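Since we're looking at a predicted model, the values are computed, not measured. Here is how names work: the chains are called A, B, and so on, in the same order as the sequence lines, proteins then strands, and each is numbered from 1.
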Amino acid sequence: MQNIDFTKYRVVVIGGSAGSFPVITKILGMLNSDFPLPILLCLHRLKHIRNGFVEALNIKSNIHVIEPEDKTMIKSGFAYLAPSNYHLTIEIGNYISLTTEELINFSRPSIDLSFDSASYVYKDRLIGIILSGANKDGAKGMCRIKSRGGLSIIQDPVEASVKTMPESVLSICKPDMVLKTDGIIELLNKIKK
Amino acid sequence: MIQDIDIKELRNLIATIKEIYRYDFSNYAISSFKRRILRILELYKISGVEELITKIKTNRMFLEEVIKEITVNTTEMFRDPSMWRTLRETILPQFKNNNTIRIWHAACSSGEEVYSMGILLKEAGLSEKTSIFASDINEDVLKTAKQGIYPTRTLELNMSNYERFAGIGKLSDYYKLIDNNEKYVFDKSILKNVMFRTHDLVLDESFSKFDIILCRNVMIYFNFELQDKVVQLFENSLFTGGYLVLGSKETIAWCKSAKSFSVVNVEDKIYKKIG
Ligand SMILES: C[S@@+](CC[C@H](N)C(=O)[O-])C[C@H]1O[C@@H](n2cnc3c(N)ncnc32)[C@H](O)[C@@H]1O
């Protein structure tokens, strides 16, 4: 891995499914409260459990977690959680578009779609992180981030409670870093604006 | 497979469609529009936007298929059950003493919301005095809506939404299975006071006045400018005191017309036209 320029990044996008909830909670709880970048969270969740998830994430989070409305401007200090039953994508101009397009990899929200659209807009100034999960959604998106010059990180499959998701990244490209949860937190806390 | 399309190519495509066929996609949200086009290229095995333009120019039928693919038609019955409960419990009762209730489903897709409303009204005993207009840009989805025939694989979701809506009966009171149980068809009586028509939110004018307009998960595909224009259209199409209902993640907060509305329910995205 080349030396990382901790000042060039604009956005962090995190994807996960089964087994990722405790990891996300830990990351959000241990990030510096003045963490300088907006965070996009694309987590698979039960389709019709609409309420409660944001609240659960917020309990221990140092960053304010919200479910954005369509066309919300992206700002630092916030983590934007993809609402259930919508895809979360990024538009040029730094705002969120929600859509009800077809399921991708049996998922809506789809991590592939969020990662791909974010990397299209932020190119090499995007950090993508794939956590524990039971399907392969996110693998293509992660590799897209890498090929567009962004920083690609997966949770170490050794640590992930369900390995399928990080391993499916490894099966199609070589992410820049394979880290345990603590490593991810340490890296993120080095980011400056 | 083509990975990306130039914005300039997209502009050419949009201009061609506009010039020949009177549909205007220039103010659709660009990233989802681009994804739709990529999808169409893949689906029809077309080499690129240039070839797509050539095919569209010479073939109206094909253009209509393309339009159907561009516009996302996903829908379900009683999507966001809490909104439907709010309609039943707090909005519709206000019209109880009216002689008529006029409802517009703007961009109703294949009609699931129209049947949901029909069932709600029937259960509330309000069907007789209600007239419903249901419109969409796309004739094909309207045809499905009129027929009220849906594939059985959609039943599980629709039933579970109906249960969470807590209707007074069972969803199966309103449909019967057909074609070896592969499809189900809704009872025509639900549609007694429904009129279907094509209406393009971008180009067509207001055509009547309503007490309630539902336009859910449509404006998410539009850019700010077009959202503004469409909300204006709804403002002009509502009686004072009438309600506008959007999708659960949509808002009129950024629109110029926002000042003409008050927020009735933030969660369910129900707005009331004031003054
Ligand atoms: C995602 S569906 C919404 C269905 C339903 N309202 C719901 O929320 O379940 C979007 C619909 O908008 C229609 N649409 C897109 N552009 C339109 C336009 N300019 N005028 C009218 N309808 C349009 C599409 O044909 C499609 O049926």
Given 3.5 Å as the limit, does a donor-acceptor pair link the side chain of Lys249(B) with the main chain of Pro68(A), or not? no
Whether over 12 other heavy atoms sit under 6.0 Å from Glu89(B) CD: yes
What closest approach, in Å, do Gly247(B) and Tyr86(A) show between heavy atoms, and which atom pair accounts for it? C-OH, 4.4 Å
Under the side chain to side chain contact (heavy atoms under 4.5 Å, CB included) rule, what do Arg79(B) and Thr100(A) come out as? Steps first, then yes or no, please. CA-CA 12 Å; Arg79(B) 181 181 176 131; Thr100(A) 58; 3.8 Å; yes
Nearest-0.5 Å distance that lies between atom CD in Glu102(A) and atom CG in Asn73(B): 8.5 Å
What is the minimum heavy-atom distance between Asp4(B) and Tyr120(A), and which atoms define it? OD2-CE1, 3.3 Å
At a 4.5 Å cut-off on heavy atoms, which part of Ile90(A) comes close to chain B: side chain, backbone, both, or neither? backbone
Enclosure of Lys163(A) NZ (heavy-atom neighbours >12, cutoff 6.0 Å): yes
Nearest-0.5 Å distance, CZ of residue Phe224(B) to OH of residue Tyr95(A): 5.5 Å
Atom group of Asn223(B) that falls short of 4.5 Å from chain A, counting heavy atoms: backbone
Does atom NZ of Lys140(A) have more than 12 heavy-atom neighbours, drawn from other residues, nucleotides or ligands, at distances under 6.0 Å? no
Does some side-chain heavy atom of Arg39(B) sit less than 4.5 Å from a side-chain heavy atom of Glu101(A)? no
From CD (Glu76(B)) to CG (Asn85(A)), nearest 0.5 Å: 5.5 Å
Specify which of Asn217(B), Thr74(B), Ile220(B) makes the most heavy-atom pairs with chain A at under 4.5 Å. Ile220(B)
If I take atom CG from residue Asp70(A) and atom OH from residue Tyr221(B), how far apart are they, to the nearest 0.5 angstrom? 9.0 Å
Give me the atom names and distance for the closest heavy-atom approach of Ser31(B) to Glu91(A). OG-OE2, 2.8 Å
How about NZ on Lys123(A), more than 12 heavy atoms from neighbouring residues, nucleotides or ligands closer than 6.0 Å, or not? yes
Could you check which of Glu250(B), Lys34(B), Arg36(B) has the highest count of heavy-atom pairs closer than 4.5 Å to chain A? Arg36(B)
Among Lys71(A), His87(A), Glu69(A), which residue forms the greatest number of heavy-atom pairs with chain B at distances under 4.5 Å? Lys71(A)
Got a sec: does the NZ of Lys8(A) have more than 12 other heavy atoms crowding it under 6.0 Å? yes
